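First the structure, in the form of structure tokens, and then the observations on it.
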There are 2 protein chains.
Amino acid sequence: MSMSLQIEPRPALPLCPIEPAAHIIGQKWTLQIVYFLLDSPSMRFCELQDRLGGVNPSTLSSRLKMLEEEGIVRRTQISAIPPHVEYSLTEMGRSLEEVIRAVTQWSNTWLCGCCS
Amino acid sequence: MSMSLQIEPRPALPLCPIEPAAHIIGQKWTLQIVYFLLDSPSMRFCELQDRLGGVNPSTLSSRLKMLEEEGIVRRTQISAIPPHVEYSLTEMGRSLEEVIRAVTQWSNTWLCGCCS
DNA sequence: AAATCATACTATAATAAACGTAGTACTATG
DNA sequence: CATAGTACTACGTTTATTATAGTATGATTT
């Protein structure tokens with residue numbers, strides 16, 4: 001038997017299990033959007049725009065679209081006078097409450113909104 | 001008494017309390033970096049690079065610099081042979097464990113690493 | 001009827017963030 | 001002397017986010 005020199009395929013590194021979540025959460029404005037939607041049953045586009053204070057409407061639009069595609073946000077057309085659109089969290093979206101809670105806790109403890 | 005027409009200064013909207021945290025966490029790679037650093041006492045630049053699989057070294061460099069400035073990551077020069085650099089979490093960084101835990105939980109429940 | 005307002009966006013051009021690729025500077029090892 | 005490991009930086013390109021303006025619809029005011 002001859003041992004031939006060959007390159008061992010190196011064992012795959014363990015993947016980062018939070019990567020898919022980080023892909024969603026680690027985008028600008030996502031956490032804030034979820035934060036506000038957790039706080040009220042539904043919000044309008046302009047309302048979110050105001051609350052986020054300074055987000056670009058194009059960015060907000062694409063972020064909401066992405067969150068809808070991911071199953072986190074629900075978009076509802078309301079046929080009232082005047083007709084408008086309401087955004088709310090799905091069950092999947094509401095389940096981010098634990099994450100938001102942890103972030104809020106951390107933020108209050110370490111970033112200290114009181115003494116900036 | 002005459003009622004003069006005047007514009008009420010509208011009450012300031014309540015700020016988003018997680019904004020400072022979102023500013024840090026909501027950047028690409030931050031969550032993954034913290035995830036891996038929580039898992040081992042310290043890591044090297046190249047090690048992180050490998051684990052993150054595909055991050056640009058410039059981006060990783062600036063992200064680590066930012067995390068160091070924020071007080072989350074500690075950079076230590078090791079004068080051994082060969083000399084190198086080790087990155088580890090500060091107490092503030094380690095306190096992100098709750099956040100990572102919540103994200104991991106959510107990721108496992110809803111993004112289902114098993115059936116992508 | 002015309003102008004104005006509210007709502008929910010889209011369009012455009014500019015800047016900032018992240019990217020791929022390559023290269024640098026150091027030490028050690030073959 | 002060439003190659004390898006470590007920790008980056010440099011360069012030019014693509015993608016994301018931004019500021020600002022504009023569109024489309026329907027209702028309300030003049």
Side-chain angles (χ1 to χ4, degrees), chain A residues 5 7-8 10 13 16 19-20 22-34 36-37 40-70 73-88, chain B residues 5 7-8 10 13 16 19-20 22-34 36-37 40-70 73-88:
Chain A
L5 240 173
I7 296 164
E8 285 284 323
R10 62 171 80 182
L13 285 170
C16 182
E19 213 207 279
H23 183 73
I24 297 171
I25 290 173
Q27 284 189 58
K28 220 167 173 179
W29 302 112
T30 298
L31 279 174
Q32 288 105 309
I33 289 169
V34 173
F36 283 123
L37 288 180
S40 69
S42 74
M43 289 182 91
R44 302 185 181 184
F45 190 90
C46 292
E47 206 175 345
L48 276 167
Q49 227 182 169
D50 288 346
R51 288 310 201 81
L52 296 172
V55 68
N56 184 290
S58 310
T59 306
L60 179 55
S61 179
S62 83
R63 192 64 69 256
L64 286 169
K65 225 164 255 162
M66 176 267 203
L67 289 171
E68 195 188 353
E69 277 163 18
E70 294 289 343
V73 158
R74 180 172 22 243
R75 184 183 188 277
T76 316
Q77 298 234 27
I78 308 286
S79 306
I81 305 166
H84 59 272
V85 179
E86 297 200 337
Y87 293 95
S88 57
Chain B
L5 241 174
I7 295 162
E8 285 283 323
R10 65 171 76 181
L13 285 171
C16 182
E19 212 209 279
H23 183 73
I24 296 171
I25 290 173
Q27 285 189 58
K28 220 167 173 179
W29 303 113
T30 298
L31 280 173
Q32 287 105 308
I33 290 169
V34 173
F36 283 123
L37 288 180
S40 70
S42 74
M43 290 182 92
R44 299 183 184 188
F45 190 90
C46 292
E47 207 175 345
L48 275 167
Q49 228 183 166
D50 288 346
R51 288 309 200 83
L52 295 173
V55 67
N56 185 289
S58 310
T59 307
L60 179 55
S61 179
S62 84
R63 191 65 68 255
L64 286 170
K65 225 163 256 164
M66 176 266 206
L67 288 171
E68 196 188 351
E69 276 162 19
E70 294 289 344
V73 159
R74 182 174 18 245
R75 185 184 188 275
T76 317
Q77 298 234 28
I78 308 286
S79 306
I81 304 168
H84 60 270
V85 179
E86 298 201 335
Y87 293 96
S88 57

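Computed from heavy atoms alone, side chains included, the values below leave out hydrogens, waters and symmetry copies. Every chain is numbered from 1, with letters handed out A, B, ... down the list of sequences. Predicted model, so just to flag it, every value in this text is computed and none were measured.
Close to dC9(C), at under 4.0 Å from its OP1 or OP2, lies a side-chain N or O of Arg75(A). An OP1 or OP2 oxygen of dA16(D) is reached within less than 4.0 angstrom by no side-chain nitrogen or oxygen of Lys28(B). Distances shown here put a side-chain N or O of Tyr87(A) below 4.0 Å from the OP1 or OP2 atom of dC9(C). Residue Arg44(A) places none of its side-chain N or O atoms closer than 4.0 Å to OP1 or OP2 of dA6(C). An OP1 or OP2 oxygen of dT10(C) is reached within less than 4.0 angstrom by a side-chain nitrogen or oxygen of Lys65(A). For dC8(D), neither phosphate oxygen OP1 nor OP2 lies less than 4.0 angstrom from any side-chain nitrogen or oxygen of Ser61(B).
Atom pair Glu68(B):CD and dA7(D):C1' shows a separation of 14 Å (rounding to whole Å applied). Spacing between atom NE2 of His23(A) and atom P of dA16(D) amounts to 9 Å, rounded to whole angstrom units. In this structure, the CG atom of Leu60(A) is 15 Å from the C1' atom of dA16(D), given to the nearest Å. Put simply, CZ on Phe45(A) is 16 Å from C1' on dT25(D), counting in whole angstrom units. Straight-line distance from the CD1 atom of Ile78(A) to the P atom of dC9(C): 12 Å, rounded to whole Å. Straight-line distance from the CG atom of Leu48(B) to the C1' atom of dC8(D): 13 Å, rounded to whole Å. Between Gln27(B) atom CD and dT17(D) atom C1' the separation is 13 Å, expressed in whole Å. Atom-to-atom, CD of Glu86(A) to P of dC9(C) comes out at 12 Å; the value is rounded to the nearest Å.
No hydrogens or angles were tested; on distance alone, a donor-acceptor pair under 3.5 Å links the side chain of Ser58(B) to the base of dA10(D).
Contact check for Ile33(A) versus Arg63(A): side-chain heavy atoms found under the 4.5 Å cut-off. In this structure, Leu60(A) and Phe45(A) have side chains that are in contact, with non-hydrogen atoms separated by less than 4.5 Å.
The Pro57(A) side chain lies nearest to dT10(C) when the options are dT10(C), dT6(D), dA18(C). Across dA7(D), dC19(C), dT17(D), the shortest atom-to-atom separation from the side chain of Thr59(B) is found for dC19(C). Here dC19(C) is the nucleotide among dA8(C), dC19(C), dT6(D) with the atom lying nearest to any side-chain atom of Asn56(B).
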Determine whether Leu48(B) and Gln32(B) satisfy the following criterion, side chain to side chain contact (heavy atoms under 4.5 Å, CB included), listing intermediate values before the conclusion. CA-CA 9 Å; Leu48(B) 275 167; Gln32(B) 287 105 308; over 6 Å; no
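Note that CZ of Arg75(B) and CD of Glu68(B) are 6.5 Å apart. Values are rounded to the nearest 0.5 Å.
Here the closest non-hydrogen pair linking Tyr87(A) and Leu37(A) is O-CD2, 3.5 Å.
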